[in-house]
Amino acid sequence: MTDKKFTTDSGIEIKQLYSEPIANTEKPGEFPYTRGVQADMYRGRLWTMRQYAGFSTAEESNKRYHYLLNQGTTGLSVAFDLPTQIGYDSDHIMSDGEVGKVGVAIDTLRDIEILFDGIKLENITTSMTINATASTLLAFYIALARKQGADIKKISGTIQNDILKEYAARGTYIYPPKPSMRIITDIFEYCSNEVPKWNTISISGYHIREAGSTAVQEIAFTLANAKAYSLAAIEKGLDINVFGQRLSFFFNAHNNFFEEIAKFRAARRMWAKMAKELGATNPKAMMLRFHTQTGGATLQAQQAENNIMRVTLQAMAAVLGGTQSLHTNGFDEALSLPTENAARIALRTQQIVAYESGVVDTVDPLGGSYFIEELTNTIEAEAWNYIQKIDAMGGSVNAIEQGYIQKEIADASYRYQKDIENKDKIIVGVNNFISDAVNPPIMRVDDSIRVQQIEKLKQLKAERDNEKVKADLVRLDQAAKDGSNVMPIIIEAVENYASLGEIADTFRGVFGEYRA
């Protein structure tokens, strides 16, 4: 018998044999939802196959969206370039070299009109990975829906809108935490009344995991952030039984197959308990509904085709864990934005899992496994320990301001990298089983994109009613100062073709910029 110690990637020790049954009489679709939020899960409806895409100009991204829809994707997910994420128009000096590179460049409503040309917003759900400027991107989307003649009470989708994880793990914040939280609760309030089918936040563990956290930390810090958003909304007078139904979550899927499945089950159970403690009585306000993206940080540039197998494992874990929607990464994304071929293979991976694997035929097929049940319990217990520490600090905002969450993530990332360098953790093609492999063709975004965007912006500003825009921005400045809900004014401003940068600069003038 070997004396070697086996652990999950979170450091949870794995026994040689699990033979002690754990009593679990829970039913899927019932509190605390460990086994799934729907009684019949995928027998009734498959998860949404929501492929994340966006690059270059709105025109180019629109072509990719039509391609993906024609290939069978069932929801769109928009990637924005860095200037859009941090509130700079394409003509700003800070945008130089970044326009259209890691997502699509969006300056005004005109770009959104082009981005969704030929796509009826009432007929699809759209997820937008946007945080600091989420209010403006949602306003663009609502304005376009109105122009299309849609009933905005029927449009559905999600904005990520999760600023706390930006301070902790990702970095695309603009304003300090407290005014950022205020804008988020303004969105909650506005959408509860005007866009009731819209998911107003996607509380993200994905980027926490990408920054180097463990699976336990991913759900602990995500749920602690969810608690902070909920308390802020309750303090504003909002009802958790209403806004709680529109909260969604966004998790990562890595390679440690059973740990990932147990992580999703534990997260569902934990949120149900947490929401109940916060006052939720409506079952839908206690259901953790989540999107999953396969792990970007797990993709390797060496032997890039191996990433197809990694993505398949991760997609299977997400489905066995009960995800509501899924994005599968392209195998070439450690090298560049995905090519059309890589995007097609990624989508086909989901379709093969859905239609050929048989894992969708019963609910929670690993439920009752001695290993899975004990691992679910252990992950939950360790995640609660983190949450209790954060609560003792006064919640996520204080824990972030004190640097606690950032340090925990950094320490975990260091330990993981050290294990790779010591070969305690084998990464195929990276620190073992190395061979010379020819990299696939990669996609490049030309720097001339910025010139095109600047010209479009210049022309639009010459054509719009600049006096109306100026008046809208003055009103927005006043609302930011006096505490009025900013969403109606942002929507009116973008309908008059105010730019994203002009709106962000108005907020900068009132709230300032956050410096870590």
Side-chain angles (χ1 to χ4, degrees), residues 49-71 73 75-92 94-119 124 126-131 133-134 136-137 140-141 144 157 159-160 170 172 206-207 210 293-294 296-297 299 301 304 307 311 327-347 439-457 500:
M49 299 180 192
R50 189 183 299 285
Q51 289 301 104
Y52 185 49
F55 60 93
S56 184
T57 60
E59 289 87 348
E60 289 300 313
S61 292
N62 176 260
K63 292 175 187 174
R64 177 65 65 89
Y65 293 161
H66 280 286
Y67 172 78
L68 287 170
L69 289 167
N70 289 335
Q71 293 296 313
T73 195
L76 296 177
S77 185
V78 185
F80 298 99
D81 70 358
L82 281 174
T84 303
Q85 292 182 50
I86 53 178
Y88 293 122
D89 289 334
S90 296
D91 60 359
H92 195 284
M94 292 293 288
S95 301
D96 192 16
E98 292 293 343
V99 175
K101 290 294 178 69
V102 298
V104 62
I106 300 294
D107 293 322
T108 69
L109 177 59
R110 182 71 49 82
D111 290 317
I112 290 288
E113 291 166 357
I114 296 166
L115 186 68
F116 292 102
D117 185 39
I119 299 170
I124 59 163
T126 302
S127 174
M128 294 187 280
T129 303
I130 197 72
N131 296 283
T133 55
T136 306
L137 268 299
F140 285 148
Y141 198 85
L144 177 59
I159 42 172
Q160 190 162 100
R170 191 162 175 261
T172 64
Y206 183 85
H207 300 101
E210 288 293 284
Q293 181 171 338
T294 56
L299 300 177
N307 293 327
V311 169
H327 164 85
T328 32
N329 290 328
F331 71 88
D332 55 0
E333 288 190 64
L335 300 163
S336 70
L337 291 169
T339 59
E340 197 168 275
N341 178 53
R344 182 175 61 251
I345 292 171
L347 177 59
N439 282 328
I442 64 173
M443 180 178 161
R444 298 187 186 278
V445 175
D446 197 281
D447 284 331
S448 65
I449 296 302
R450 184 174 187 237
V451 177
Q452 296 176 39
Q453 280 296 114
I454 290 172
E455 189 55 41
K456 280 198 297 183
L457 188 57
L500 175 127

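Both backbone and side-chain heavy atoms feed into the values below; hydrogens, waters and symmetry mates do not.
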Taking all non-hydrogen atoms of both residues, which atom of [X] and which atom of [Y] are closest, and how far apart?
| X | Y | value |
| --- | --- | --- |
| Gly296 | Glu210 | N-OE2, 3.3 Å |
| Ala105 | Val99 | CB-CG1, 3.8 Å |
| Asp89 | Asp107 | CA-OD1, 3.4 Å |
| Pro440 | Phe331 | CG-CE1, 3.8 Å |
| Pro441 | Thr339 | O-CG2, 3.7 Å |
| Ser95 | Tyr88 | OG-CB, 3.5 Å |

Which value, rounded to the nearest 0.5 Å, describes the distance between [X] atom [atom1] and [Y] atom [atom2]?
| X | Y | atom1 | atom2 | answer |
| --- | --- | --- | --- | --- |
| Ile114 | Asn62 | CD1 | CG | 9.0 Å |
| Leu144 | Tyr141 | CG | OH | 8.0 Å |
| Thr126 | Ile159 | OG1 | CD1 | 12.5 Å |
| Leu109 | Leu500 | CG | CG | 12.0 Å |
| Leu68 | Met49 | CG | CE | 13.0 Å |
| Ser90 | Glu98 | OG | CD | 11.5 Å |

side-chain contact (heavy atoms from CB on, under 4.5 Å) between Glu333 and Asn307, intermediate numbers included | CA-CA 9 Å; Glu333 288 190 64; Asn307 293 327; over 6 Å; no

Audit row: Asn131, Gln85, side chain to side chain donor-acceptor pair (under 3.5 Å) steps and yes/no = CA-CA 7 Å; Asn131 296 283; Gln85 292 182 50; 5.5 Å; no

Side chain to side chain donor-acceptor pair (under 3.5 Å) assessment of Thr328 paired with Gln51 = CA-CA 7 Å; Thr328 32; Gln51 289 301 104; 3.2 Å; yes

Side chain to side chain, [X] and [Y], heavy atoms closer than 4.5 Å:
| X | Y | answer |
| --- | --- | --- |
| Ile112 | Leu137 | yes |
| Val78 | Leu115 | yes |
| Lys456 | Thr108 | no |
| Ser127 | Arg50 | yes |
| Phe80 | Ile106 | yes |
| Lys63 | His66 | no |
| Ile119 | Leu69 | yes |

Determine yes or no for a side-chain-to-main-chain donor-acceptor pair under 3.5 angstrom, with Thr57 supplying the side chain and Ile449 the backbone.
-> no

Do side-chain atoms of Asp332 reach the backbone of Leu335 as a donor and acceptor pair under 3.5 angstrom?
-> no

Can a donor-acceptor pair be found between the side chains of Arg170 and Thr172 at a distance below 3.5 Å?
-> yes

